[in-house]
Amino acid sequence: FFCFLFFRLPRPPPEPSLWRSSAGSHGYKRQAIRHSDAVILTGPGMLDDVRRMAPGTPVHAISDVPSSSAEADATGAAIARHELAPAADDLLATYIGSFASYQGIDLLFRAIPASLQACPRLRFVIVGGSEAEIRCRRDEMTACGVADRVRFLGMISPEEVPNLLRASDILLSPRLSGKNTPLKLLDYLKSGRAVVATDTPANRLILSDETARFAAPDPDAFARALADLAGDTDLRERLGCAGRALAFGALHARGGKKGLHIVGRRLKAQRRVGQLDRVFDLDQHQGAVRRHAWLARESGIVDVSYTQ
């Protein structure tokens, strides 16, 4: 899970380097949480677990923020669209994320040939993965005879994400496991594009039938859902509009600066915040925690230092 902790002096956190060893990491996590004045999770999935670890520590769930705060611009999105989907009737399906097994990456690549058989207009864009992982998956697509319909972009900067998503028709979240909200969904919803997602607890944390087309977590079901959505322009438009409304409505209201202001006021009221308080990353997930550290500074909560 993604979280950060507020410590107060003279009770410093345990030595951060201990977390780098996998041995005894659960015990270290418990110790760190118990010595915190507040714990902030970037999603609700781990609330119960953290409360069991440290019943006396205040725990808050504050939504993460998209990887980029920028909006897509029409020119940049059009350029990306022309490059990735040159034919006028192409439908662009995009995945952003790592190639870790819990992300459902095997399911996704097994679903691609079947979805193309059902809807040859589809083109796939895959963002993420190492060079070795991309090479392996490209070989797999070549063996299936669909390599010409799959484009691997590797790692891209957060600033490129809005235009890429806006250029797409369908966005993919094949997540299989985990309790935290997939960060990609925040970018997906903000883009206003339709989402196909596996029907799993992680995806259901913020998606619903009003904002996504769900599929059972197996390749055939995912391919059918993708092909169905590809053939339904009206449904894509409805899902995309509802997703964007959610991103700028309920999710925005309970996340970011507003949530951090509330936590900050509570800590200040208890005289628990000072210039040497520390933000500590328990999961070494630099993107999420650095964004929250930035929000904490911008919110005037504390002069935050960042520790990984």
Side-chain angles (χ1 to χ4, degrees), residues 1-2 20 42-43 64-73 75-86 90 92-112 122-142 146-178 180-193 195-198 202-203 247 281 283-295 306 308:
F1 63 96
F2 309 152
R20 298 185 182 277
T42 60
D64 201 354
V65 293
S67 61
S68 173
S69 61
E71 289 286 344
D73 69 85
T75 300
I79 292 172
R81 178 79 186 186
H82 178 72
E83 179 182 353
L84 298 170
D90 281 342
L92 201 59
T94 298
Y95 168 83
I96 294 181
S98 74
F99 282 26
S101 59
Y102 75 92
Q103 297 274 21
I105 199 72
D106 291 328
L107 180 155
L108 173 61
F109 281 105
R110 290 171 185 167
I112 286 175
L122 282 167
R123 284 184 178 270
F124 291 85
V125 173
I126 309 297
V127 177
S130 66
E131 291 184 5
E133 289 169 330
I134 291 172
R135 185 165 53 250
C136 178
R137 295 298 180 174
R138 185 179 284 119
D139 290 345
E140 180 182 346
M141 295 297 94
T142 299
V146 297
D148 62 323
R149 306 299 291 185
V150 183
R151 178 80 172 270
F152 294 89
L153 300 185
M155 304 299 290
I156 66 174
S157 69
E159 290 72 24
E160 297 176 86
V161 170
N163 286 340
L164 171 60
L165 297 184
R166 191 64 182 169
S168 304
D169 298 288
I170 300 171
L171 307 175
L172 309 173
S173 182
R175 183 76 167 264
L176 292 181
S177 61
N180 58 287
T181 302
L183 176 59
K184 66 171 68 67
L185 292 182
L186 302 173
D187 292 292
Y188 285 5
L189 293 172
K190 176 173 166 281
S191 74
R193 292 306 190 221
V195 177
V196 174
T198 46
N203 281 329
D281 176 3
D283 214 34
Q284 299 187 39
H285 190 273
Q286 294 185 30
V289 180
R290 285 187 188 278
R291 282 189 295 279
H292 273 82
W294 175 81
L295 285 172
Y306 175 85
Q308 180 182 359

Any side-chain heavy-atom pair from [X] and [Y] closer than 4.5 angstrom?
X      : Y      : value
Ile170 : Val195 : no
Val125 : Leu92  : yes
Ile96  : Leu165 : yes
Pro182 : Asn203 : yes

Open item on the list: How long is the straight-line distance from SG of Cys136 back to CZ of Phe109, given to the nearest 0.5 Å?
Closed with: 9.0 Å

I'd like to check the side chain to side chain contact (heavy atoms under 4.5 Å, CB included) partners of [X]; sequence neighbours left out, ordered by chain and number.
X      : answer
Ser101 : none
Ala80  : Ala167
Asp139 : Arg135
Ala100 : Ser98, Tyr102, Gln103

- [ ] Applying salt bridge (Lys or Arg N to Asp or Glu O under 4.0 Å), name anything that partners Asp169, two or more places apart in sequence or on another chain.
- [x] Arg81

Task: Partner set under salt bridge (Lys or Arg N to Asp or Glu O under 4.0 Å) for Glu131, not counting sequence neighbours - done: none

side-chain hydrogen bond (donor to acceptor under 3.5 Å, both in side chains) with [X]: which residues, sequence neighbours excluded?
X      : result
Arg193 : none
Arg123 : Asp90
Ser191 : none

Open item on the list: Using modelled atom types and a 3.5 Å cut-off, is there a donor and acceptor pairing between side-chain atoms of Ser130 and backbone atoms of Glu133?
Closed with: yes

TODO: Using atom types as modelled and distance alone, determine if a side-chain donor or acceptor of Lys190 lies under 3.5 Å from a backbone N or O of Pro162.
DONE: no

- [ ] Could you give me the CA-CA distance, side-chain angles and deciding distance for Val127 and Tyr95, then say whether side-chain contact (heavy atoms from CB on, under 4.5 Å) is met?
- [x] CA-CA 6 Å; Val127 177; Tyr95 168 83; over 6 Å; no

- [ ] On the 0 to 90° scale, with breaks at 30° and 60°, tag the Phe99-Phe152 ring pair as parallel, tilted or perpendicular.
- [x] tilted

TODO: Run through Thr94, Leu172, Val146 and flag the one making a side-chain contact (heavy atoms from CB on, under 4.5 Å) with Phe124.
DONE: Leu172

Task: From CA spacing to verdict: side-chain contact (heavy atoms from CB on, under 4.5 Å), Leu153, Ile156 - done: CA-CA 7 Å; Leu153 300 185; Ile156 66 174; 4.2 Å; yes

Smallest separation among heavy atoms of [X] and [Y], with atom names:
X      : Y      : result
Ile134 : Gly129 : CD1-O, 3.8 Å
Gly97  : Lys184 : CA-CE, 4.2 Å
Leu107 : Pro174 : CD2-CB, 4.1 Å

Task: side-chain contact (heavy atoms from CB on, under 4.5 Å) between Ile112 and Leu122, worked out - done: CA-CA 9 Å; Ile112 286 175; Leu122 282 167; over 6 Å; no

Open item on the list: Can you pull out every salt bridge (Lys or Arg N to Asp or Glu O under 4.0 Å) where at least one residue sits in residues 151-162? Sequence neighbours excluded, please.
Closed with: Glu83-Arg151

- [ ] Output every pair passing salt bridge (Lys or Arg N to Asp or Glu O under 4.0 Å) with a member in residues 96-112, not counting sequence neighbours, ordered by first then second residue.
- [x] Asp106-Arg137

Task: Worked check of side-chain contact (heavy atoms from CB on, under 4.5 Å) between Ser173 and Leu185 - done: CA-CA 8 Å; Ser173 182; Leu185 292 182; 3.7 Å; yes

